[in-house]
Chemist: 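If you scroll down you'll find the structure; I have some questions about it.
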Amino acid sequence: MRVSRFFMPVLRETPAEAQIVSHRYMLRAGLVRQQAAGIYSWLPLGHRVLRKIEQIVREEQDRAGAIELLMPTLQAADLWRESGRYDAYGKEMLRIKDRHERDLLYGPTNEEMITEIFRSAVRSYKDMPRILYHIQWKFRDEIRPRFGVMRGREFLMKDAYSFDLDAAGARHSYNKMFVAYLRTFARMGLKAVPMKADSGPIGGDLSHEFIVLADTGESQVYCHKDLVDMAVPENVNFDGDLEPYIKERTSLYAATDEKHDAEAFAKIPADKQLTARGIEVGHIFYFGTQYSKPMNAKVTAQNGEDVLVEMGSYGIGVSRLMGAIIEASHDDAGIIWPESVAPYRVGLISLKMDDPKTRQVCEDLYQKLGAAGVEVLYDDTDERAGAKFSTFDLIGLPWQIIVGPRGLTNNQVEIKNRKTGERQNLAPEAALDLFTRRT
RNA sequence: CGGGGCGUAGCGCAGCCUGGUAGCGCAUCUGGUUUGGGACCAGAGGGUCGCAAGUUCGAAUCUUGCCGCCCCGACCA
């Protein structure tokens with residue numbers, strides 16, 4: 001993409017409403033625009049990041065055996081009356097009437113709907129177990145939205161739901177999601193620690209929150225240091241025994257403020273005690289028959305008896321993750337995107353568009369990088385060098401290729417790593433090779 | 001919802017206390033000089049001063065009501 005034809009409204013100054021760093025940079029780098037309290041438009045750069053996060057979530061869900069579908073944002077109130085939650089949910093739920101005065105709601109979550117879909121389609125144990133998920137916009141009318149996209153009212157969420165014949169099966173489904181989450185967050189460059197959690201209004205008795213450690217996190221967390229850098233499970237057989245992966249983590253102390261047990265924490269060796277701030281990016285629940293019972297979701301088991309299905313639900317805050325990633329990865333100049341979610345991998349910066357040699361080398365690099373499938377954002381504008389450097393540091397692409405007449409007198413372009421700040425001078429062909437051979 | 005604050009040009013702000021018909025920086029446009037870390041000179045455009053009512057000869061400024069946004073708290077992916 002050429003900057004001269006792109007839509008990337010960067011702000012030199014910070015809008016007054018943005019307090020925390022991720023919010024400030026998201027506005028300044030032109031990732032989002034606020035439309036109302038807690039409701040955002042996703043501008044092209046932000047949209048690309050959102051799609052990349054979403055895709056990582058999708059791939060890891062699929063790998064764990066979950067199946068994607070898509071449910072609507074609007075739901076009929078009757079469905080929620082069946083579970084009893086229409087009245088229980090309170091003002092957080094946005095309630096709407098259609099032209100016929102029928103009660104609708106903008107879904108804050110989808111347990112009822114997925115239970116309805118499942119019960120109407122599945123009769124036999126032979127179609128079990130299943131994990132179904134979708135990635136869809138939700139709305140929760142928070143009393144006070146804040147921190148930009150980190151606590152919006154409208155947000156993109158992956159929510160998965162598991163259906164099993166018995167508690168042991170449900171436990172295995174829970175474990176699948178547990179492991180999938182470890183992999184998902186690690187791929188985004190995040191260190192997410194599973195912590196014991198309250199099951200909250202959704203209910204249930206087995207629940208973990210996945211917390212990203214970041215200084216600006218909204219909640220206080222306590223955990224064993226070894227959890228932070230624990231290796232992510234590779235080559236997992238999701239149909240095999242997953243308990244060892246779970247035990248490895250749950251045997252070490254980790255809790256959010258609400259569940260914190262100071263005595264247990266004190267038993268950790270002092271040099272392993274970690275008190276930090278955290279951002280919740282995922283939450284998994286096992287809740288048994290809490291919805292299948294009132295909604296009468298049953299299947300016939302092998303012995304011919306009808307049994308209520310055992311369920312769990314598993315959320316990831318997809319749009320929130322963008323904020324969390326920035327909180328965890330930035331410096332004074334701007335965002336530092338991990339390569340896996342960066343809107344473009346490479347920024348190609350022409351320092352002097354009216355220098356024929358510079359232009360020719362840039363155009364050639366741009367064309368060849370593109371042909372090789374490297375995502376490149378090419379600044380072909382007449383801006384001054386300093387302005388371009390600042391902009392590219394702000395938007396945080398992992399790599400910059402800086403091309404100017406000074407370097408080209410020695411047939412050199414400069415490669416800058418945004419994260420480390422390391423620079424190296426290479427011939428244009430060598431720079432091209434550096435990015436194309438690794439893809 | 002309780003407490004605090006803010007709404008004046010695209011962004012950041014001043015002006016309000018003490019009413020007299022709107023200003024600064026950045027950004028934008030034109031011309032020129034510049035050009036490897038947010039240039040300089042000259043000129044130009046751009047504002048229902050959040051909305052409404054009231055007070056007044058006159059309201060960005062005073063009064064009342066409403067709306068929106070931000071921060072702290074209780075709540076949440």
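Below, chain A is the first sequence line, B the second, and so on; all start at residue 1. Scope of the values below: all heavy atoms of this structure, side chains included, with no hydrogens, waters or symmetry mates. Just so it is clear, the structure is predicted and the values come from calculations on it, not from any experiment.
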Chemist: Distance criterion of 3.5 Å, no angle test: do you see the side chain of A:Glu383 paired donor-to-acceptor with the base of B:G38?
Modeler: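 By the distance-only test, no, there is no pair.
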Chemist: Any strand counts, and the cut-off is 3.5 Å on both contacts for Watson-Crick or G-U wobble. Which nucleotide pairs with B:G47?
Modeler: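 Because no pair has both required distances under 3.5 Å, B:G47 counts as unpaired.
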Chemist: Does A:Arg151 make a side-chain N or O approach to OP1 or OP2 of B:C76 shorter than 4.0 Å?
Modeler: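 The answer is no; no side-chain N or O of A:Arg151 sits under 4.0 Å from OP1 or OP2.
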Chemist: From the options B:G73, B:A77, B:U34, select the nucleotide whose nearest atom is closest to the side chain of A:Arg146.
Modeler: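 Closest nucleotide to the A:Arg146 side chain: B:G73.
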Chemist: Have A:Gln61 and A:Tyr314 got a donor and an acceptor in their side chains that come within less than 3.5 Å?
Modeler: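 Distance-only check fails for A:Gln61 and A:Tyr314.
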Chemist: Please test A:Asp159 against A:Lys138 for salt bridge (charged side-chain N to carboxylate O under 4.0 Å, His left out), starting from the C-alpha separation and ending with a verdict.
Modeler: CA-CA 10 Å; A:Asp159 41 325; A:Lys138 304 283 189 293; 2.9 Å; yes
Chemist: If I take atom CD in residue A:Gln412 and atom P in nucleotide B:G36, what distance separates them, rounded to the nearest angstrom?
Modeler: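 Distance check: A:Gln412 CD to B:G36 P gives 19 Å.
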Chemist: Tabulate protein N/O versus nucleotide N/O from nucleotides 11-15 of chain B, keeping only pairs under 3.5 Å, one per line.
Modeler:
from: B:C11; atom 1: O2; to: A:Glu13; atom 2: OE1; distance (Å): 3.0
from: B:G12; atom 1: OP1; to: A:Ala16; atom 2: N; distance (Å): 2.5

Chemist: Dump the intermediate steps for ring-ring contact (aromatic ring centres under 6.0 Å, His included) on A:Tyr174 and A:Tyr286, then the final yes or no.
Modeler: CA-CA 7 Å; A:Tyr174 184 91; A:Tyr286 161 64; 7.4 Å; no
Chemist: Can you tell me, in whole Å, how much space there is between the C1' of B:U34 and that of B:U18?
Modeler: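 Roughly 48 Å separates the two C1' atoms.
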Chemist: Taking atom C1' of B:A77 as reference, at what distance in whole Å does atom CD1 of A:Ile135 sit?
Modeler: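 From A:Ile135 CD1 to B:A77 C1': 13 Å.
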Chemist: Any strand is fair game: report the nucleotide pairing with B:G2 by Watson-Crick or G-U wobble, both distances under 3.5 Å, or none.
Modeler: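 Across any shown strand, B:G2 pairs with B:C72.
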Chemist: Is atom CG of A:Asp354 surrounded by more than 12 heavy atoms (other residues, nucleotides or ligands) closer than 6.0 Å?
Modeler: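 Enclosed: over 12 neighbouring heavy atoms sit under 6.0 Å from CG of A:Asp354.
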Chemist: Could you tell me how far apart A:Asp355 (CG) and B:G36 (P) are, to the nearest whole angstrom?
Modeler: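 For the pair A:Asp355 CG and B:G36 P, the rounded distance is 12 Å.
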Chemist: Would A:Phe389 count as stacking on B:G38 if stacking means ring centres less than 5.5 angstrom apart and planes tilted under 30 degrees?
Modeler: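 Aromatic stack with B:G38 absent for A:Phe389.
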Chemist: Does B:G68 have OP1 or OP2 sitting under 4.0 Å from an N or O in the side chain of A:Gln34?
Modeler: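 No, A:Gln34 has no side-chain N/O under 4.0 Å of OP1/OP2 on B:G68.
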Chemist: Would the base of B:C70 count as contacting A:Arg144 through its side chain, where contact means a donor and an acceptor less than 3.5 Å apart?
Modeler: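 Looking at the base of B:C70, it does not pair with any donor or acceptor on the side chain of A:Arg144 (distance under 3.5 Å).
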Chemist: Provide the Watson-Crick or G-U wobble partner of B:G31, both distances under 3.5 Å; none if there is no partner.
Modeler: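 Pairing partner, where one exists within any strand: B:C41.
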Chemist: Pick from A:Tyr161, A:Tyr291, A:Phe163: which one makes a ring-ring contact (aromatic ring centres under 6.0 Å, His included) with A:Phe118?
Modeler: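 Among A:Tyr161, A:Tyr291, A:Phe163, the one meeting ring-ring contact (aromatic ring centres under 6.0 Å, His included) with A:Phe118 is A:Phe163.
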Chemist: Scan every strand shown for a Watson-Crick or G-U wobble partner of B:G7, both distances under 3.5 Å, and answer none if you come up empty.
Modeler: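 Answer to the pairing question: B:C67, which forms a Watson-Crick or G-U pair with B:G7.
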Chemist: What about A:Arg423, does its side chain sit under 3.5 Å from the base of B:G37 through a donor-acceptor pair?
Modeler: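 Looking at the base of B:G37, it does pair with a donor or acceptor on the side chain of A:Arg423 (distance under 3.5 Å).
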Chemist: If you check every side-chain atom of A:Ser390, which of B:A39, B:G38, B:A77 has the closest atom?
Modeler: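 Of the candidates, B:G38 comes closest.
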Chemist: If you define the side chain from C-beta out and look only at heavy atoms, does anything of A:Val149 sit under 4.5 Å from A:Trp42?
Modeler: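 Of all side-chain heavy-atom pairs linking A:Trp42 with A:Val149, at least one is under 4.5 Å.
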Chemist: Which word best sums up how the rings of A:His23 and A:Tyr40 line up, parallel for under 30°, tilted for 30 to 60°, or perpendicular for over 60°?
Modeler: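 Answer is perpendicular, since the angle exceeds 60°.
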Chemist: Of the nucleotides B:A77, B:C72, B:G36, which has the atom closest to the A:Phe147 side chain?
Modeler: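 Of B:A77, B:C72, B:G36, B:C72 is nearest to the side chain of A:Phe147.
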